[in-house]
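Read through the structure below, which is laid out as structure tokens, and then see the notes.
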Protein chains: 2
Amino acid sequence: MRPSQALRLWQQVLLSQVRDGAPDLTMRQTAILLTIYLDPPPHTVRGLAARLNVTKPVITRALDTMGALKLVSRHRDELDKRNVLIRRTVEGALFVERFGDGIVDRAHELPI
Amino acid sequence: MRPSQALRLWQQVLLSQVRDGAPDLTMRQTAILLTIYLDPPPHTVRGLAARLNVTKPVITRALDTMGALKLVSRHRDELDKRNVLIRRTVEGALFVERFGDGIVDRAHELPI
DNA sequence: GCAATTCGTTTCGCTTCCGTTTCAGTCCTT
DNA sequence: AAGGACTGAAACGGAAGCGAAACGAATTGC
């Protein structure tokens, strides 16, 4: 894959998302969402903040937003009640799955 | 390319952007930026709004933000002074170029 | 048992974004 | 020259984001 093809793919995927009225997530929010769904659990606020090199409030706020969209859910850790465990949801899994399919579809449409 | 690989690639690219402190553009803003740099000019507010299926103020505001970041520039169309022509900048071209290279790099790092 | 640490959230003032509506400037046709 | 059509920006109230700092609750260490 060459850079020009990569950029074109990225553009087509974003255009399809925007045109379809998908939630307008920021780069940070999308990174958090994909990390939750691709990296092995458990996921904590602190862990995500470290993985993305951002402050904890950034994670808290992103979880607020994506929680309202039902893309993720929060649960107190019963073993250490200071922790919050972030879990996947059915809706979120569906969203991520569709997103991945969309990338593949756009890749196939790409000119060689 | 399979969906799981596509998602992993997307995640790695976003993570590298976020960790490096790149501007936290939204999906819409990124789509606008890439469209300006990949589609042939001229680009107008109205044209971009139609291409992305969003309202004109969305484009105006995105141009405000990305203009402040020096990623794009605006110029009045001298032939039809109602139009504003959006042009690429050196900084924007560099940003997009690096972004494309980043995607290719992450693609190479991906497990087969 | 009590201070120190850790965790996630909340608060503060500020900026940016949203959709809708309104506006000023510029064509274009008559 | 006058009316309407069109373009992009500005105004509005509301929502959400930011970094930095402070917070309560839970755990750990001495």
What integer distance in Å separates [X]:[atom1] from [N]:[atom2]?
X       : N      : atom1 : atom2 : result
B:Leu63 : D:dT7  : CG    : P     : 16 Å
B:His75 : D:dT7  : NE2   : C1'   : 18 Å
A:Asp24 : C:dC17 : CG    : C1'   : 9 Å
B:Asp80 : D:dA5  : CG    : C1'   : 12 Å
A:Arg28 : C:dT16 : CZ    : P     : 14 Å
B:Asp64 : C:dT16 : CG    : P     : 10 Å
A:Arg76 : D:dG24 : CZ    : C1'   : 10 Å
A:Arg61 : C:dG13 : CZ    : P     : 15 Å

Looking only at side-chain atoms of A:Gln29, point me to the closest of D:dG17, C:dC18, D:dA26.
-> D:dG17
Indicate, with a heavy-atom threshold strictly under 4.0 Å, whether [X] touches base, sugar-phosphate, or nothing.
X       : answer
B:Leu79 : sugar-phosphate
A:Arg46 : sugar-phosphate
A:Glu78 : nothing
A:Thr60 : base
B:Thr26 : nothing

Going by heavy atoms in the side chains, are A:Arg8 and B:Asp39 under 4.5 Å from each other?
-> yes
Any side-chain N or O of B:Arg74 under 4.0 Å from OP1/OP2 of D:dT7?
-> no
Under-4.0 Å side-chain N/O to phosphate OP1/OP2 contact, A:Thr55 with D:dA20 = no
Fit a plane to each ring of B:Trp10 and A:Trp10, take the angle between them on a 0 to 90° scale, and name the class: parallel (under 30°), tilted (30 to 60°) or perpendicular (over 60°).
-> parallel
Check: D:dG8 base within 3.5 Å donor-acceptor of B:Lys56 side chain | yes
Does A:Arg82 make a side-chain donor-acceptor contact with the base of D:dG24, cut-off 3.5 Å?
-> no
Spell out, as yes or no, whether a donor-acceptor pair under 3.5 Å connects the side chain of [X] to the backbone of [Y].
X       : Y       : answer
B:Arg88 : B:Ile36 : yes
B:Thr89 : B:Lys70 : yes
A:Arg19 : B:Arg51 : yes

Relative to the 5' end of DNA chain C, which residue comes earlier, A:Asn83 or A:Pro57, by the nucleotide with the nearest heavy atom?
-> A:Asn83
